[in-house]
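Only one structure is covered here, and it is reproduced in the block below.
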Amino acid sequence: MAAAMESAQGIAQAAQRCATALVGRGALTPQVEHGAHLAGQHIISRIFQYGWLPEDVHQAARRHLDEYAVALLTDVIAAYMRPFAPAAVDETWRAQLEELDAAVWWSESAAHLGQWAAKHLLTAEEALTTVVEALALLIRLPKLELIRPLPGTARLSAAGHHHVDEKILSRVRGLLAKAESMSFPEEAETLSAKAQELMTKYAVDRVLVDADISVPDLPGARRIWLDTPYVDAKALLVDVVTKANRCRAIFSSAWGFMTVVGDENDLDVVELLTTSLLVQATRAMIASGNQAERSADSRSRSYRKSFLIAYATRIGERLVAANESTIAKSVDSARLLPVLASRQLQVDKTFDSLFPDVRNRGVSIPNANGWDDGRAAAETAELGARRPFKSSPSRASPLSSRQ
């Protein structure tokens with residue numbers, strides 16, 4: 001079985017040939033079912049030791065495999081998790097497993113593969129082809145940084161993480177939901193900025209409270225996956241949100257995800273804002289593309305990529321302005337600034353330990369019209385005395401990345 005996975009990496013026809021050779025008289029034999037189970041558990045264990053999380057495996061699978069293989073890998077993950085008590089599993093793992101609905105649904109009295117094939121109405125050959133394709137993808141996955149403890153090794157301190165107050169999150173979600181429903185980008189960006197201001201005020205208050213605690217939360221890390229097209233431009237949008245919220249990020253261009261390092265509360269904000277802003281940016285880009293003038297140009301890849309880069313750059317300016325304004329209004333700013341600086345040093349130290357070899361890469365802006373329209377779409381009502389301005393395409397920030 002393991003040899004079949006190795007030989008079928010990335011080649012659908014080879015996977016089918018391997019599956020045909022493994023099927024005995026058109027049925028799944030006990031030996032093949034047992035071999036598939038052992039191979040799956042061996043490979044998924046190695047992948048998790050390589051730093052991949054359940055959601056990462058799911059995201060990679062849904063980009064490269066069909067729905068059957070995605071479902072199969074969810075079951076492989078569920079089987080892997082079966083021996084671990086919930087108390088020994090990191091909270092991020094628990095949340096991701098729940099989101100994926102990774103649970104043992106099959107009977108222990110029979111092999112999983114046969115029951116899975118029956119559930120999905122697949123022949124023995126189709127089921128084995130799916131097994132070979134799914135596990136071949138896992139073999140291809142590269143080694144990543146271990147950003148969360150493995151099941152069975154969860155740190156006790158992780159349970160003490162201060163989650164963002166649900167009332168605050170509810171208000172922020174409400175602002176962002178309203179922003180996503182707006183027809184005009186200017187109004188949407190104003191609401192997004194209000195959400196940023198609210199979260200910054202909460203973060204500032206939380207930092208001052210935590211400063212009095214002898215054991216503050218340590219920086220954590222999360223991965224944010226981006227969908228095609230224009231992944232580089234979307235990564236820039238995640239990057240500016242990350243920087244505005246006192247975090248640092250690195251882009252994995254080969255697989256299309258960002259790894260973000262920061263305090264857990266700030267990571268909550270980054271995930272929330274980037275999810276909403278990516279929706280808003282895409283909507284603004286499509287709306288701009290419907291203009292009668294420059295219709296052909298505005299539907300081109302170069303225009304849309306430039307639009308998103310400009311949009312992200314302006315959003316970054318907007319979020320930084322919201323942060324500066326909120327921090328300046330703090331009643332205890334003299335005490336706050338040194339604490340924020342100390343937190344930033346912790347984030348930088350954690351980031352550098354995870355990613356010692358980081359290089360910056362530029363983001364090209366191939367279309368001037370797209371740049372101008374992207375900035376125009378991201379312009380919002382003024383904050384304080386800050387005046388909106390136009391800038392040249394050279395202002396796009398570089399991304400920290402790896403291949």
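Everything numeric in this text was worked out from a predicted model, so none of it was measured.
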Distance, nearest 0.5 Å, that separates CG of Leu337 from CZ of Arg335: 12.0 Å
Full working for side chain to side chain contact (heavy atoms under 4.5 Å, CB included) between Leu72 and Trp116: CA-CA 8 Å; Leu72 177 71; Trp116 179 84; 3.7 Å; yes
Geometric cation-pi criterion Lys143 and Trp52, 6.0 Å radius, 45° cone: no
Side-chain heavy atoms of Thr259 within contact of Phe257, under 4.5 Å: yes
Residue pair Met199 / Ile168, side-chain heavy-atom distance below 4.5 Å: yes
Aromatic contact, His58 with Trp225 (centres under 6.0 Å): no
Audit row: Leu150, Leu146, side chain to side chain contact (heavy atoms under 4.5 Å, CB included) steps and yes/no: CA-CA 8 Å; Leu150 291 168; Leu146 190 63; 4.2 Å; yes
Pairing of Arg148 and Glu264 as salt bridge, 4.0 angstrom limit: yes
Side-chain ion pair, Arg314 and Glu317, N-O less than 4.0 Å: yes
From CA spacing to verdict: side chain to side chain contact (heavy atoms under 4.5 Å, CB included), Arg63, Trp255: CA-CA 9 Å; Arg63 285 163 171 76; Trp255 290 92; over 6 Å; no
Residues Glu197 and Thr326: side-chain donor-acceptor under 3.5 angstrom: no
Inter-residue atom distance Ile147.CD1 - Asp90.CG, 0.5 Å rounding: 9.5 Å
Residue pair Leu267 / Asp263, side-chain heavy-atom distance below 4.5 Å: no
Approximate separation, where rounding is to 0.5 Å, of Ser252 OG and Leu144 CG: 7.0 Å
Set of residues satisfying side-chain contact (heavy atoms from CB on, under 4.5 Å) with respect to Leu278, sequence neighbours excluded: Leu226, Lys234, Leu237
Which residues share a side chain to side chain donor-acceptor pair (under 3.5 Å) with Ser109, sequence neighbours left out: Ser107
Trace of the side chain to side chain contact (heavy atoms under 4.5 Å, CB included) decision for Arg246 with Val347: CA-CA 8 Å; Arg246 301 160 296 281; Val347 170; over 6 Å; no
Distance (rounded to the nearest 0.5 Å) between Ile286 CD1 and Phe307 CZ: 10.0 Å
Pairwise side-chain hydrogen bond (donor to acceptor under 3.5 Å, both in side chains) hits with a residue in residues 94-103, at least two apart: none
Partner set under side chain to side chain donor-acceptor pair (under 3.5 Å) for Asp66, not counting sequence neighbours: none
Option from Leu128, Leu122, Thr129 for which side chain to side chain contact (heavy atoms under 4.5 Å, CB included) with Glu125 holds: Thr129
Sub-4.5 Å side-chain heavy-atom contact between Leu97 and Leu100: no
Charged N-O contact under 4.0 Å between Arg222 and Glu55: no
Asp352 and Arg248 ion-paired at < 4.0 Å: yes
Sequence neighbours excluded - side-chain hydrogen bond (donor to acceptor under 3.5 Å, both in side chains) pairs with any residue from residues 31-40: none
Aromatic plane relationship, Phe351 with Phe355 - under 30° parallel, 30 to 60° tilted, over 60° perpendicular: tilted
Interatomic spacing from CG in Asn265 to CG in Asn245 - rounded to 0.5 Å: 11.0 Å
Criterion side-chain hydrogen bond (donor to acceptor under 3.5 Å, both in side chains) against Ser276, the qualifying member of Arg173, Glu271, Glu180: Glu180
Donor-acceptor contact present, side-chain Ser353 to main-chain Thr350, <3.5 Å: yes
Pair Ser192-Gln280, side-chain donor/acceptor within less than 3.5 Å: yes
Any residue meeting salt bridge (charged side-chain N to carboxylate O under 4.0 Å, His left out) with Asp56, in chain and number order, not counting sequence neighbours: Arg223
Partner of Asp75 by side-chain hydrogen bond (donor to acceptor under 3.5 Å, both in side chains), out of Tyr80, Trp106, Trp105: Trp105
Approximate separation, where rounding is to 0.5 Å, of His120 NE2 and Thr130 OG1: 9.0 Å
Trp93 side chain near Pro149 side chain, heavy-atom distance below 4.5 Å: no
Any side-chain heavy-atom pair of Tyr230 and Met285 under 4.5 Å: yes
Contact check, side chains of Pro151 and Phe48, non-hydrogen atoms, under 4.5 Å: no
